[in-house]
Amino acid sequence: VFYDELRNSYLSLSKTPWTLVLDSDEYLADDASEQINQLIDTADPGVVGFRIPRHNYILGRKFTGSGWYPDHQLRLFKSNEVYYQPGHHLPPLPKTPSANVVVLETPSCLHIHHKNYSTVSEMLSRQLHYTTTDNYDPSPDSFDFDDYMLSAIREFNKRHESQDDGQLSYVTGMIMYWNEINRGPVSY
């Protein structure tokens, strides 16, 4: 099972002052190296990283909202200045909590392009995998039914923005709601 924290062992091997992390289903535009060099060259000395907006392509469509965009990701950072948390899809964190991380402003900036899920079946399957293999607090006292249900409702509300993404936002909202519902019994 792959956990994001596995990346920590590789981050220490970097031989460059800055690190860019992309997943196998992500890519950058052709002019990205120029944009990255400009960001690094003009960054204040105290900046340890950049949160780059990410375009998510789901079911053959680029989402423009619904919690899928701008979906900022801390992926460009000074080497050995961040660490990954245990679990699935948790963002990396600066080693120094007060560190300066710049959030790039959309729309005219560097973007990550993420070819997410091509079918509903793939999305359901991967969410179920993440749910059943994630890290959970084993203490029964950590489970609160109200918090668990509110989390699912919040996730649906975040993902369902029909004005931005039409009916597909309802589909992704329901899948992510289902994902949160499944986490309750697994964690308890």
Side-chain angles (χ1 to χ4, degrees), residues 2-118 122-123 126-127 130 134-135 154-155 157-159 161 163-166 168-169 172-173 176 179:
F2 175 79
Y3 291 107
D4 290 335
E5 68 182 310
L6 178 64
R7 294 176 174 157
N8 291 330
S9 59
Y10 294 101
L11 291 178
S12 65
L13 302 176
S14 179
K15 296 183 188 314
T16 60
W18 286 83
T19 299
L20 173 70
V21 173
L22 293 176
D23 292 342
S24 62
D25 57 356
E26 295 174 332
Y27 64 94
L28 301 173
D30 291 339
D31 65 345
S33 62
E34 296 165 20
Q35 292 178 315
I36 291 169
N37 287 332
Q38 183 179 7
L39 286 170
I40 292 170
D41 291 344
T42 60
D44 290 334
V47 170
V48 299
F50 295 93
R51 290 178 53 85
I52 305 169
R54 181 169 69 171
H55 288 297
N56 283 285
Y57 300 84
I58 303 170
L59 309 175
R61 178 174 177 187
K62 180 169 77 172
F63 274 57
T64 59
S66 306
W68 297 105
Y69 184 80
D71 190 27
H72 284 91
Q73 302 289 313
L74 177 54
R75 297 295 188 78
L76 177 62
F77 45 82
K78 286 184 177 175
S79 298
N80 297 312
E81 292 290 331
V82 304
Y83 69 96
Y84 282 85
Q85 305 172 73
H88 294 296
H89 296 120
L90 296 174
L93 298 173
K95 289 182 178 176
T96 305
S98 62
N100 187 5
V101 176
V102 174
V103 178
L104 299 184
E105 295 294 326
T106 62
S108 56
C109 65
L110 176 68
H111 278 75
I112 297 169
H113 297 267
H114 184 205
K115 296 285 188 178
N116 248 3
Y117 311 103
S118 57
E122 177 190 0
M123 189 173 186
R126 284 175 47 195
Q127 291 307 315
Y130 299 143
D134 214 341
N135 288 337
R154 283 189 194 109
E155 190 65 23
N157 289 337
K158 174 182 170 183
R159 301 299 181 180
E161 290 182 11
Q163 70 276 10
D164 288 329
D165 298 309
L168 282 180
S169 75
T172 62
M176 298 310 288
N179 174 63

query: Can you tell me how far CG of Leu13 sits from CG of Asn8, rounded to the nearest 0.5 angstrom?
result: 11.5 Å

4.5 Å side-chain heavy-atom contact, Glu81 and Thr19: no

query: Sub-3.5 Å donor-acceptor pair from the side chain of Thr96 to the main-chain atoms of Ser98, do we have one?
result: no

- request: May I have the step-by-step check of side-chain contact (heavy atoms from CB on, under 4.5 Å) for Ile36 and Phe50, ending in yes or no?
  value: CA-CA 10 Å; Ile36 291 169; Phe50 295 93; over 6 Å; no

message: Looking only at side-chain N and O atoms, does Asn100 offer a donor or acceptor that is under 3.5 Å from a partner on Asp44?
response: no

- request: Taking the side chain as every heavy atom from C-beta outward, state whether Trp68 and Leu168 have any atom pair closer than 4.5 Å.
  value: no

message: Side chains of Pro92 and Leu74, heavy atoms from C-beta outward: is any pair under 4.5 Å?
response: yes

- request: Please report the shortest heavy-atom distance between Glu161 and Lys158, naming the atom on each side.
  value: OE2-O, 3.8 Å

query: Is any side-chain heavy atom of Pro53 less than 4.5 Å from a side-chain heavy atom of Glu105?
result: no

- prompt: Once you round to the nearest 0.5 Å, how far does OG of Ser108 lie from CD of Gln35?
  reply: 9.0 Å

Check against side-chain contact (heavy atoms from CB on, under 4.5 Å), Leu11 and Ser79: CA-CA 7 Å; Leu11 291 178; Ser79 298; over 6 Å; no

message: Applying side-chain contact (heavy atoms from CB on, under 4.5 Å) to Tyr84 and Leu90, what does each step give before you reach the verdict?
response: CA-CA 7 Å; Tyr84 282 85; Leu90 296 174; over 6 Å; no

message: For a 4.5 angstrom cut-off between non-hydrogen side-chain atoms, does Trp18 reach Leu39?
response: no

query: Among Asn56, Leu22, Asp71, which one satisfies side-chain contact (heavy atoms from CB on, under 4.5 Å) with Ile112?
result: Leu22

- request: Look up atom CE in Met176 and atom CE in Met123, then write down how far apart they are to the nearest 0.5 Å.
  value: 5.5 Å

- prompt: Side chains of Thr172 and Ile58: does their closest heavy-atom pair fall under 4.5 Å?
  reply: yes

Which atom pairs, donor and acceptor, lie under 3.5 Å between side-chain atoms of residues 24-31 and protein residues at least two apart or in another chain?
from  : atom 1 : to     : atom 2 : distance (Å)
Asp25 : OD1    : His114 : NE2    : 3.4
Asp25 : OD2    : His114 : NE2    : 3.0
Glu26 : OE1    : Asp23  : N      : 2.8
Glu26 : OE1    : Arg75  : NH1    : 2.5
Glu26 : OE2    : Arg54  : NH1    : 2.7
Glu26 : OE2    : Arg75  : NH1    : 3.4
Glu26 : OE2    : Arg75  : NH2    : 3.2

query: What is the distance from atom CG of Leu76 to atom CG of Leu104, rounded to the nearest 0.5 Å?
result: 8.0 Å

- prompt: Between the side chain of Lys95 and the main-chain N/O of Asn80, is any donor-acceptor distance below 3.5 Å?
  reply: yes

message: Apply side chain to side chain donor-acceptor pair (under 3.5 Å) to residues Asp165 and Thr64 and explain how you reach the verdict.
response: CA-CA 6 Å; Asp165 298 309; Thr64 59; 3.2 Å; yes

query: Taking atom CD of Glu122 and atom CG of Asn116, what is their separation to the nearest 0.5 Å?
result: 8.5 Å

- prompt: If every non-hydrogen atom of Pro94 is compared with every non-hydrogen atom of Val48, which pair is closest and at what distance?
  reply: CB-CG2, 4.5 Å

query: For Asp134 and Gly87, which heavy atoms make the closest approach, and how far apart are they?
result: OD1-CA, 3.1 Å

task: Can you measure from CZ (Arg126) to NE2 (His88) and round to the nearest 0.5 angstrom?
output: 11.5 Å

task: Could I get the full list of salt bridge (Lys or Arg N to Asp or Glu O under 4.0 Å) partners for Glu34, not counting sequence neighbours?
output: none

query: Considering residues at least two apart in sequence or located in another chain, which fulfil the ring pair (Phe, Tyr, Trp, His ring centres under 6.0 Å) criterion with Tyr69?
result: His55, His111

